[in-house]
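Have a look at the structure below before the remarks.
Bear in mind that the values here come from a model prediction, so they are computed numbers and not experimental data. Throughout, protein chains are lettered first and strands after them, A, B, ... in sequence-line order, and every chain is numbered starting at 1.
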There are 2 protein chains.
Amino acid sequence: MASRSTQILEAAARVIARRGVRGLRVEELAAEAGVSTGLIYYHFKDRTGILRHTLEFINDRAERYTSTQDPDAEPLTPREELDQVLLLELQDTPEVRENSSAWGELRASAVFDPVLREDLARATLVWVQEVAGLLGQVRPMAPAATLAASAERLTALLEGLSMRWLSGGLAIDHARTLLREAVEVELARLDRP
Amino acid sequence: MASRSTQILEAAARVIARRGVRGLRVEELAAEAGVSTGLIYYHFKDRTGILRHTLEFINDRAERYTSTQDPDAEPLTPREELDQVLLLELQDTPEVRENSSAWGELRASAVFDPVLREDLARATLVWVQEVAGLLGQVRPMAPAATLAASAERLTALLEGLSMRWLSGGLAIDHARTLLREAVEVELARLDRP
DNA sequence: TCCATTTGACTGAAAATCCGGTCAGTGCCA
DNA sequence: TGGCACTGACCGGATTTTCAGTCAAATGGA
């Protein structure tokens with residue numbers, strides 16, 4: 001049972017995925033969420049507030065499908081978990097597509113909207129550190145700075161591949177293959193410093 | 001002595017870099033160019049006309065810094081040329097920043113606008129093939145498919161890094177370092193198949 | 001238990017604002 | 001004096017934002 005504001009944020013993610021951040025109309029969002037325009041301002045202050053909260057919401061949601069959810073399942077090796085965390089962002093399911101396309105939009109918007117930058121930078125940092133941590137488990141002898149650099153490359157590559165996938169220039173399977181190879185390539189690098 | 005319409009296009013490039021394609025306001029453009037709004041419509045018909053001509057203008061300008069310009073300079077080795085082609089897109093000069101912003105905007109817009117996809121896909125393909133060609137000169141024994149995959153990764157990574165740079169989450173020097181290392185990592189991969 | 005009071009989520013329409021596009025008119029040069 | 005480059009006030013449709021008021025649920029006093 002989603003609360004009203006969650007319901008609005010879910011709708012916002014859908015609208016942003018469909019029309020883009022700059023194509024988001026408050027009235028359309030209200031219709032999509034099945035509420036009045038007034039309620040949106042009641043909960044989120046203004047249009048920017050909608051965007052900020054939606055970014056946060058998308059972020060939280062990404063953690064849900066990114067983290068291993070099933071506690072009964074065989075525990076993953078660090079290497080498997082690494083693949084998991086990265087490849088789960090390249091799936092052609094409505095939820096992931098929605099998240100990726102909203103994320104891409106917010107990233108692009110942040111270029112011109114300082115308000116979004118801080119949240120975006122923080123979320124990116126957390127993500128990079130998560131990946132760096134997993135890399136560190138797979139290659140325990142590698143120095144932290146090198147791990148961080150690899151993590152930055154892998155996540156930035158994933159964003160780039162994701163945009164190409166969503167803008168129709170790259171098949172999802174090929175994107176996944178490229179990313180898997182990139183992980184191998186980076187791990188090979190971490191072997192010999 | 002720039003003609004009036006060139007003056008408007010230069011201003012448009014600056015405004016797009018600052019506010020994005022969808023953030024471009026005709027009135028702001030007029031102020032930036034130091035002309036009246038009416039004159040803009042006199043020269044370019046409508047907003048779409050402004051955008052079309054500006055994209056063309058930016059495109060023409062990109063060729064200037066992408067191609068090796070100085071014919072007297074020492075000819076570059078393939079490896080140097082490879083670094084060149086990639087790293088030239090990560091410079092903090094107004095011209096490159098403007099072009100990168102516009103490219104990022106275009107990429108992001110294409111997710112929601114099928115009309116742009118074809119042009120974008122074609123331009124991307126040309127770019128990937130150029131990089132694959134240079135990689136092939138540096139590693140003549142590598143198979144074509146492997147070269148292509150490396151080129152796709154490097155260009156996608158560059159796009160990802162570029163977005164992070166422009167959205168303020170990544171210092172340009174660090175972005176350049178990450179990219180340079182990525183080139184090395186990919187070349188190492190091409191050494192041992 | 002019953003009803004008066006308060007709270008706060010919610011609505012819808014009005015108001016304010018934004019913005020692309022128009023147009024009557026000005027100055028200038030051939 | 002005809003026409004071209006140019007101006008800037010203005011228009012109206014689209015969007016955002018505000019706000020007076022409704023309603024249902026919680027509170028609490030007798």
So the salt bridge (charged side-chain N to carboxylate O under 4.0 Å, His left out) pairs with at least one residue in residues 28-42 of chain A (sequence neighbours excluded) are A:Arg14-A:Glu32, A:Arg18-A:Glu28, A:Arg18-A:Glu32, A:Arg19-A:Glu28

Atom NE2 of A:His43 and atom C1' of D:dT18 are separated, to the nearest Å, by 16 Å

Quick note, side chain to side chain donor-acceptor pair (under 3.5 Å) partners involving residues 44-60 of chain A, not counting sequence neighbours, are none

To the nearest angstrom, the CD-C1' distance between A:Glu28 and D:dA14 comes to 14 Å

To the nearest angstrom, the CD1-P distance between B:Ile40 and C:dC19 comes to 15 Å

Whole-Å distance, A:Glu27 CD to C:dA16 P, equals 19 Å

Atom CZ of A:Arg22 and atom P of C:dC19 are separated, to the nearest Å, by 13 Å

| field | Touch class at under 4.0 angstrom, heavy-atom based, for B:Ile50 against every strand present | value | nothing

Expected string for nucleotides 21-30 of chain C under the B/S/- scheme (protein heavy atoms, under 4.0 Å, primed atoms plus P, OP1, OP2 as sugar-phosphate) is BB--------

Sequence neighbours excluded, the answer for side-chain hydrogen bond (donor to acceptor under 3.5 Å, both in side chains) partners of B:Thr37 is none

Discussion item. Students often get this wrong, so: under 4.0 angstrom with heavy atoms, is B:Leu24 touching a base, only sugar-phosphate, or nothing?
Written reply: sugar-phosphate

Discussion item. Would you say B:Arg19 places a side-chain N or O within less than 4.0 Å of OP1 or OP2 belonging to C:dC19?
Written reply: no

Whole-Å distance, A:Leu39 CG to C:dG12 P, equals 11 Å

Here the salt bridge (charged side-chain N to carboxylate O under 4.0 Å, His left out) pairs for residues 154-171 of chain B, sequence neighbours left out, are A:Glu159-B:Arg164, A:Arg164-B:Glu159, B:Arg107-B:Glu159

With sequence neighbours left out, the residues meeting side-chain hydrogen bond (donor to acceptor under 3.5 Å, both in side chains) with B:Glu80 are B:Thr77

A:Phe44 atom CZ is separated from D:dT17 atom C1', nearest whole Å, by 16 Å

**Asked** Do the charged groups of A:Asp83 and A:Arg180 touch, with an N to O distance under 4.0 Å?
**Response** no

